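First comes the structure, then the notes that go with it.
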Amino acid sequence: MRHNFNSGPSILPASVLAEASAAIYNFNNTGLSILEIGHRTSWFQEVVAEVQATVKQLMQLSDDYEVLLLHGGATTQFMQVPMNLLNANDTAAYCDNGIWGNKAIKEAKVWGNVNVVASSADQKHSYIQKQFTIPNDACYLHYTSNNTVEGTQWHQPPTSHVPLVADMSSDIFCRPWAFNQHSLIYAGAQKNIGAAGVTLVVVKKSILGTLERTIPAIMDYRNHIEAGSLLNTPPVFAVYVMLLTLRWIVAEGGLTVMETRAKERAAYLYQLLDELSIFTPTVVTEDRSLMNAVFTLPNASLEKTFLELCKQHGMIGIKGHRSVGGLRVSMYNAMPMQSVQALGDLMIAFNKSHQ
Ligand SMILES: *Cc1c(COP(=O)(O)O)cnc(C)c1O
């Protein structure tokens, strides 16, 4: 058996893979492949409409919100958010909790002023600074709900009196969340909700249209809203895989079930990391991520040996991000508890044999 701990693109439910494969040959009994149908057919419009309705249902959003399916990954949103929300002479507030948030900050500075209101850089991003002041004149506050690389996660959205913007790429739909406290949420699909190539953007209409800047047509959220996410050819297959993944989440019992499973996996793994002396978790207890557990071994040679052992047992994707090193176990929605237990058995044996 393969145990896929990849950080992204990452594990998807087996049933989603089976249905997606079948649709490559014959989509919905049309006799055509999902790769061959036009994006303006009623077939595909139904796919988009169901994705949008399911996202709204899972997020419990009112009609003020629009659900967009865009290209370019979360990285494009680092640019597109300030391009649409931040005037050149205005200021946006950003939380600096890791590598992805930093990239977002860098891009925002291209379009306006940035006030970094909180940072965990002093402790190598091993915690989340949750107490800070947001200037009254900030256009919005941006935070990264789950820091995929460093393994920290917000367990409640920050309190904000200005519009709240979240990069939720690596923990979207892992649990119920106060989605409706946000003005804009974005997430690349390839961690928790599908295949690479499509980015989910949820935006409150009322925050748009206040800028002086001329926004290129393809970058302007308002154009995508007007065109129903069909401004140009969307990533049709990736959108379809997102639909299958969302249907799976709903069929499994929705966000509370996702949360129960995530907590069960994380509790088991972190307990081992705390108990087994050879492993050292790098994140403070209260800010640990349910999705990505980051830890170290005493030296690089032991890390190599452990990774080799994991590989022999079909466990892949455990090497830490190249920027921080160490080890990282990603446990997204589709991760079965059995895989985490199999890894746990290996960790117990490894700890014992190196006493
Ligand atoms: C993976 C990731 C990104 C980058 O996503 P792309 O789709 O590759 O642009 C951004 N933010 C977070 C939190 C991520 O985990």
Side-chain angles (χ1 to χ4, degrees), residues 4-12 68-83 92 94-108 110 118-121 125-128 140-155 157-158 164-175 177 179 182 184-202 218-219 234-235 237-239 241-242 245 262 266 283 287-294 317-324 326 328-335:
N4 183 356
F5 295 103
N6 278 331
S7 57
S10 43
I11 188 166
L12 285 170
L68 302 176
L69 305 169
L70 306 182
H71 290 276
T75 305
T76 299
Q77 294 310 308
F78 296 163
M79 154 184 73
Q80 197 166 356
V81 166
M83 197 191 249
Y94 274 72
C95 296
D96 160 28
N97 292 125
I99 189 168
W100 291 119
N102 264 293
K103 286 179 195 253
I105 289 168
K106 209 169 156 205
E107 291 298 286
V110 172
S119 174
S120 53
H125 299 301
S126 58
Y127 74 106
I128 287 182
Y140 60 86
L141 172 72
H142 179 284
Y143 76 105
T144 313
S145 55
N146 183 65
N147 294 285
T148 328
V149 172
E150 296 81 3
T152 59
Q153 187 177 27
W154 289 81
H155 294 298
L164 191 56
V165 175
D167 174 1
M168 299 195 70
S169 293
S170 55
D171 71 346
I172 189 153
F173 297 153
C174 79
R175 59 188 172 185
W177 196 243
F179 297 104
H182 296 68
L184 194 148
I185 291 167
Y186 61 92
Q190 68 271 22
K191 280 136 191 169
N192 243 350
I193 49 171
V198 60
T199 311
L200 176 69
V201 175
V202 171
I218 194 70
M219 286 291 129
F237 184 62
V239 171
V241 177
M242 186 191 277
T245 311
V283 170
D287 298 330
R288 287 175 181 173
S289 167
L290 299 172
M291 299 282 102
N292 315 92
V294 176
I318 298 175
K319 197 171 171 24
H321 189 269
R322 59 190 187 284
S323 66
V324 298
R328 170 175 54 172
V329 171
S330 298
M331 305 172 281
Y332 297 114
N333 279 352
M335 173 65 56

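One-based numbering, in listed order, for ligands and for the atoms of each. Heavy atoms only: backbone and side chains are in, while hydrogens, waters and symmetry mates are out. A quick note: this is a predicted structure, and the numbers were derived from the prediction, not measured.
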- re atom 11 (N) of ligand 1, the protein heavy-atom contact at minimum distance is D167 OD2, 2.7 Å

- Note on the structure: For atom 9 (O) of ligand 1, the closest protein heavy atom turns out to be T75 OG1, 2.5 Å

- Just wondering, do F173 and F179 contact through their side chains at under 4.5 Å, heavy atoms? yes

- Message: If we only consider heavy atoms of N146, is any one of them less than 4.0 Å away from an atom in ligand 1?
- Response: yes

- Query: Side chain or backbone of T144 under 4.0 Å from ligand 1, or both, or neither, by non-hydrogen atoms?
  - Reply: side chain

- Note: heavy atom closest to atom 7 (O) of ligand 1, options K103, M168, Q190, belongs to Q190

- Note on the structure: Here the atoms of ligand 1 under 4.0 Å from any heavy atom belonging to K191 are 1 (C), 2 (C), 3 (C), 14 (C), 15 (O)

- Message: Please list the nearest protein heavy atom to atom 5 (O) of ligand 1 with its residue and the distance rounded to 0.1 Å.
- Response: A74 CB, 3.6 Å

- Query: Under a 4.5 Å cut-off applied to non-hydrogen side-chain atoms, are T76 and M219 in contact?
  - Reply: yes

- Cut-off 3.5 Å, side chains only: do T152 and N147 have a donor facing an acceptor? yes

- Message: Is it the case that the side chains of Y94 and N102 hold a donor-acceptor pair, with the cut-off being a distance below 3.5 Å and no angle test?
- Response: no

- Query: After noting the C-alpha distance and the side-chain angles of I99 and H125, does the key distance pass the side-chain contact (heavy atoms from CB on, under 4.5 Å) rule?
  - Reply: CA-CA 9 Å; I99 189 168; H125 299 301; over 6 Å; no

- Message: With a heavy-atom distance limit of 4.0 Å, tell me whether T148 approaches ligand 1 through its side chain, its backbone, both, or neither.
- Response: side chain

- Message: For A121 versus D96, what's the shortest heavy-atom pair and its separation?
- Response: CB-OD2, 4.0 Å

- Of all the atoms in ligand 1, which lie at a distance below 4.0 Å from a heavy atom belonging to G73? 7 (O), 9 (O)

- Pair N97, T144: side-chain N/O donor-acceptor within cut-off below 3.5 Å: no

- Under 3.5 Å: N/O of F78 near N/O of ligand 1: no

